[in-house]
Participant: 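Handing you a structure now.
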Amino acid sequence: MEAATAATAAMVWFRKGLRVHDNPALDAARRYGAGAASARRLYPVFVLDPRYLRPDPAASSPGSARAGVARIRFLLESLSDLDARLRRLGSRLLLLRARDDVADAVCAALKDWNIGKLCFESDTEPYALARDKKVTDFALASGIEVFTPVSHTLFDPAEIIKKNGGRPPLTYQSFVSIAGEPPDPIMEEYSELPPLGDTGEYELLPVPTVEELGYVDISEEEIPPFRGGETEALRRMKESLQNKEWVAKFEKPKGDPSAFLKPSTTVLSPYLKFGCLSSRYFYHCIQDVYKSVRNHTKPPVSLIGQLLWRDFFYTVSYGTPNFDRMKGNKICKQIPWSENEELFVAWRDGQTGYPWIDAIMIQLRKWGWMHHLARHSVACFLTRGDMFIHWEKGRDVFERLLIDSDWAINNGNWMWLSCSSFFYQYHRIYSPITFGKKYDPNGNYIRHFIPVLKDMPREYIYEPWTAPLSIQKKANCIIGKDYPKPVVDHETASKECKKRMGEAYASSRLDANPTKGKTLNSSRRKMPHGDQDTSNSTISKLLKRNSRAE
DNA sequence: TTAGAGTTGGCCCC
DNA sequence: GGGGCCAACTCTAA
């Protein structure tokens, strides 16, 4: 009876979905074999991926090649918490280390432990789809039952696409009108789980610390104020939802991006990313609050609206080939971004000379989290606003450093902010000076994340290069020595960017409709007087290029 | 073909 | 802090 009896052992394979509540994969695995004569066994498994966790000394900040140390820490905390919660139910987390490939490690365990049913949450990211296909193919070929419920998102992206005639809805409103109401979460609370199966010769690891993973030089790193795990996720959610008036009045664009001691949003995104919090359970709890108040805000700006945005991007990303790049991506504008490694590095390392931009990038590196509008500011600055650098470069930095880094949402928002898709009003540029000042005129946010500027007087904190030398000396911060001079002039850079965006758009109109001269004429007529010469020459260049192409 | 809508800009004026 | 303008984008629905 010690060894797992055939066909009554189930494995729940955790990847995202690091929670016990509203977890259909866990629920199915725990029910497997109920009523059968033989004893039931449950194997709750997580596989550590060395390619995700191995320190990369060549990286631009502490962490692995794929993830900054803040997210790695968050993941480890989430695993510890999951293990603790499973232990309270008489089980535990079986932590395995993959030698190389995670899928291979899962397949080996399935075979060695004689698993009859494998349950894991469906994951729509390309990397996960490939990995999961490998495991599913192996399991089915071995006669193992496989169950992969959709529970990371409110809705099933494939179903929404089907309802929309085979194509993903490309506007939020059309998404919302198709989506309807999400399925209810599983509300049952377990008092116990089936006993663990025998793991034989397998080495079961305790959840490692970041230090044990080989991150040695991080003692001086600021530890982000957000702890990983389901317990913290539920606590945080309850705390946010307790203030019913705040929930009812929540309007995303009105939040303060410079608030960092007490962020103006819930900061539940990293918990949703790892599945420490179920989006359906969160949705359900918000609806509960709405029932008890007279009025509440509505999508897209409301809290519910934010969850729907998440699902919107998941759906579009699932139905769009090459969603994570410009080339070969049908919904992405083809824009001739420039290459400038020096400017890019200044942006990435928080050395642009614009304190508002640099403070945000430093918060990203240290905390792995910034307010949504702060992300907008720096994304606009890197791409269409000031530097005209490819959104994929910025996407890579965010993807590695954010603790809530989410493939669908991150790529979607980078296309949005760079006016490559979804949003096209490239004349609207975030000012690296006035935008932050509006919320935080004293520059407290800047002073916290860029200590060298902490004594800069209020009137110069957003533009320290304009401070007289005597003031710089008094503030112990000489611009050009202690803090960089601006790497671009926003005035001229943003004008140049608008011009280039206009040209790129004109070019894409030509590509879309090469036979129609009409569109071209009308766009020429709309050109402002001062730019007449350059725009005409640009258009003639485009025409030439276009005729060559034909 | 066209009108209207689109999560969250800056600037100036009151 | 609210409203209108800037200069004009794309996509959808009719």
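Note on naming: letters A, B, ... go to the chains in the order of the sequence lines (proteins, then strands), and numbering restarts at 1 for each one.
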Participant: Considering residues, nucleotides and ligands other than A:Lys485, do more than 12 of their heavy atoms fall under 6.0 Å from its NZ?
Facilitator: no
Participant: Please report the distance separating the C1' of C:dA8 from the corresponding atom of B:dG6, rounded so that it comes out in whole Å.
Facilitator: 13 Å
Participant: Is it the case that the side chains of A:Ser174 and A:Ser177 hold a donor-acceptor pair, with the cut-off being a distance below 3.5 Å and no angle test?
Facilitator: no
Participant: Can you measure A:Ile178 atom CD1 to C:dT12 atom P for me and round it to whole angstrom units?
Facilitator: 11 Å
Participant: Does any donor atom in the side chain of A:Asp406 or A:Tyr314 lie under 3.5 Å from an acceptor atom in the other side chain?
Facilitator: yes
Participant: When the nearest nucleotide of DNA chain C is assigned to A:Arg428 and to A:Lys254 on a heavy-atom basis, which residue is associated with the more 5' position?
Facilitator: A:Lys254
Participant: Using whole Å, report how far CG of A:Asp256 lies from P of B:dT8.
Facilitator: 18 Å
Participant: With no hydrogens and no angle check, just 3.5 Å: does a side-chain donor-acceptor pair link A:Asn411 and A:Arg395?
Facilitator: yes
Participant: Mind checking the P distance from C:dA7 to B:dT2? Whole angstroms is fine.
Facilitator: 23 Å
Participant: Rounded to the nearest Å, what distance is computed from the CD atom of residue A:Gln425 to the C1' atom of nucleotide B:dG10?
Facilitator: 13 Å
Participant: Quickly work out the A:His427 NE2 to B:dC11 C1' distance and round it to whole Å.
Facilitator: 15 Å
Participant: If you take all heavy atoms of A:Lys327 and A:Asn322, which pair is closest and at what distance?
Facilitator: O-CB, 3.9 Å
Participant: Examine B:dG6: is either OP1 or OP2 under 4.0 Å from a nitrogen or oxygen in the side chain of A:Thr171? Give yes or no.
Facilitator: no
Participant: Ignoring the backbone of A:Gln306, work out which of B:dG10, B:dT8, B:dT7 is nearest its side chain.
Facilitator: B:dT7
Participant: Kindly say if A:Tyr505 contacts the phosphate of C:dT10, meaning a side-chain N or O under 4.0 Å from OP1 or OP2.
Facilitator: no
Participant: Can you measure A:Asn413 atom CG to B:dT8 atom P for me and round it to whole angstrom units?
Facilitator: 12 Å
Participant: Using a 4.0 Å heavy-atom cut-off across all strands, classify A:Lys438 as base, sugar-phosphate, or nothing.
Facilitator: sugar-phosphate
Participant: Starting at CZ of A:Arg384 and ending at P of C:dC9, how long is that distance when rounded to a whole Å?
Facilitator: 15 Å
Participant: What integer distance in Å separates A:Gln173:CD from B:dT7:P?
Facilitator: 6 Å
Participant: Looking at every strand, decide which applies to A:Lys333 at a 4.0 Å heavy-atom threshold: base, sugar-phosphate, or nothing.
Facilitator: sugar-phosphate
Participant: Who does C:dT12 pair with, Watson-Crick or G-U, both distances under 3.5 Å?
Facilitator: B:dA3
Participant: If I take atom NE2 in residue A:His372 and atom C1' in nucleotide B:dT8, what distance separates them, rounded to the nearest angstrom?
Facilitator: 8 Å
Participant: Of A:Tyr426 and A:Leu170, whose nearest nucleotide on DNA chain C comes first from the 5' end?
Facilitator: A:Tyr426
